[in-house]
Amino acid sequence: MVASPANLVEMDKDNFFSMVNSLKKCQRADLADINGDEDIIEKLYVDPLENNLVLKSCLVPNTTFLIGRKGTGKSTIIARLQHEIRKTNDKLSLYLDVKTIFDESRPFDFDPSQYDNILSGEALDRYLLYKTFLKKIIEEIKKEVKTNTLKFYLGKISKVFGHDKNSFNDELDNIFINVDTRSYEDILIIKEKKIYLSEQKDVIQAHEYEFNTGVEIAPNDAKINANMESNFSKKTKVGEETKSKFSEILLQFFDPKSILTQIKNLLSQIGIKYVFICLDDFSEIDKDAMEIFVDTIIAPLNNWSEGYFRFKIAAYPNRLYLGDIDPSKVDQIKLDYYDLYLSSFAKNIEQEAISNISKLLTSRFNYFLNSDPTSYFDLSKNSIDDYYKVLFDITSNVPRNVGWILWYANQSSISRGSLITIKDLYLAAEKYYTDSIEVFFSQNKYMKESFNEKLEKYHLNELLNKIIELSKNNKAEIRNTDPKIFANERSRPLTSHFYIRKELEKLLNTLELNFFITKYNEQKDKNGKLIVFFFLHYGLCEKENIYFGRGSDHKYIVQRRFDYSEAIKNCIDAAKKIKCNNCGATYSIDQLNNLELYRMLCPQCTQGKCEVMNLEVELPDVKQEIQLLEFDVRLLNALRIDQPQFAKLLAKDLDCHYQKVSKRAQILETEYGFILRKKETLRKEFGERNYYYLTKEAYETYFTEFT
């Protein structure tokens, strides 16, 4: 029976809000805070593949990389994996929030003065950052081993080590004792390897040309955290040779093989056959730190442990480094819908994604509302399948984005006593785009970043604007063309989709990573060359008055007018150049792929390295005193979208640890006056909390365009 608005009562409205809120929040390692339900992850989990194939693949004792954009379910899969492992009696799971650990690695745990006349300047800063980071990783492994064994294996510990658990704790502590007692023995290793970087010849300013080199800009909060502000106002990185030596030093100093061998021997005594180390937010740390982490900890543990230690790693597309790990011996599960369903040999990729949205919503509606989705959508003109199709078009099958769209739609429908309509979803798409996606560019001027980082985003924004311009031009031209292929769409030309040559795909990586575009297909053109198809974000299309779709005829989208290859290449050529740092020779972007094959060695002088460089333009001048760290701008924006909130809720929106939110919110309150904090009880289930509000000054400084 089709529900009517009269059937909606206040409890329905509250439960609907709780349901969409659970979807739009980042669900990290533990979901038990929802309704205090320890088994909620099992009840709510919807595997993106039939027969729980993703979960089953992760449960195999093999190192697995879960690769997908934000919100594709990486953390939820890890949470479900851990829940399943805890049911066993011979496996242990450890959870490490890599980004939070990295954020907490400054200030250093080590005294820089100990390294006088050995390392100095930025080289020393970077080395101590990596050393502290790895130390904290090892400390977190120890903490996780202790916490999880005592919680899930106490009976076996008592049987082997006696009822006093202290003897087990002592053995575990002794394994890690050298990490603290040998704090500065790495100095001897540095001297032995003759690393002297006082002139900093191998530490350079890092201009990560993400859509030219395949190195992605990390999503908005993937920067070095606020504690690094004073020393790293400009991003730096070490050269390849120094980075390799740093890895050698830290590998020898920490000796992870010895540590993990001892842990293996200890845990084997209580019947543990496998340890799964789950690494969340792996891609959101400094690129050099990621590589050193892999070379020093992950690869050695993975390669040395004979299958005892296996990693489950959540990563972003094109931000994955394997080091010495053999790619053929690890599993890579890509969660963005095109790659996921292509790899599962689905006959209809789009239909599989739509079906997944149906299953996802059915599960959530059943849990929170004891109902199915049909009771909350207006079915007088459209079927429930129509709604699932529109949700797919808007969200690209990203669960968190589904939550956000329904959260916005709720404001104009369910919360007002009305059922959700298709129009509500369209309006929600545009609102979500302007609030949460477009800010990647629109708020860039307020972010405390280096000139080159701002310049990089400027050129990337220009690239997006070019794609939008092409789509609008096509819309106008199709209305006045004769070809029959456009006949059915001539009154409403669909121009949201386009294609490019495969070799240019990496130029669009960052736009896709941040949801401005989404890849949906690959095929060969009439000349046998691969082309890649994309579509613009639905909300962007709504804002720019671009009609979304790829035409009723399958030949519609392959028309030459939708080939944006040359225009995109020309846009890049106008913004970038490749230049040798030795002889000054310049090369076109066309030659980048060939240069990368030879590690960017200059063909002209065969001595220098080629670098991709931004052509400088004049950027908007914003007063220094109102420039904030990118994370702080995002925190304020999250409050603008939805306030008041307390730290734990904000952390789920910002995909970080709540302690980071508390720390930065305090600074924004006391030093800037941009946040107002009130201790109050707004919802009974949360009790009394410190709620954050955005002040009038913050609105007037950063968000006037949204009012």
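Please read these numbers as outputs of a predicted model, since none were measured by experiment.
Electrostatic pairing of E104 and K660 does not count as a salt bridge here, judged by no charged N lying under 4.0 Å from a carboxylate O. Under the 4.0 Å criterion applied to side-chain N and carboxylate O atoms, E139 and K135 are assigned as salt-bridge partners.
Taking 4.5 Å as the limit, some side-chain heavy atom of S355 sits within range of a side-chain heavy atom of K359. Proximity of L322 to Q332: side-chain heavy atoms (C-beta onward) are separated by under 4.5 Å at one or more points.
Under a cutoff of 6.0 Å and an axis angle of 45°, R126 and F246 do not form a cation-pi pair. With Y367 as the aromatic partner, K43 does not meet the cation-pi criteria of under 6.0 angstrom to the ring centre and within 45 degrees of the ring axis. The side-chain tip of R689 points at the ring of F646 from less than 6.0 angstrom away and within 45° of straight on.
A donor-acceptor contact under 3.5 angstrom links the side chains of R69 and T518, judged on distance only. Under the 3.5 Å distance criterion, with hydrogens and angles disregarded, a donor-acceptor pair is assigned to the side chains of D47 and Y45. Checking S75 against D280 by side-chain atom types alone, a donor-acceptor pair falls below 3.5 Å. Counting only N and O atoms by type, the side chains of N302 and T63 include a donor and acceptor under 3.5 Å apart.
Within 6.0 Å of atom NZ in K334, 12 or fewer heavy atoms from other residues, nucleotides or ligands are found, so the atom counts as exposed in its surroundings.
Below 30°, between 30° and 60°, or above 60°: for Y432 and W404 the angle between ring planes is below 30°, a parallel geometry.
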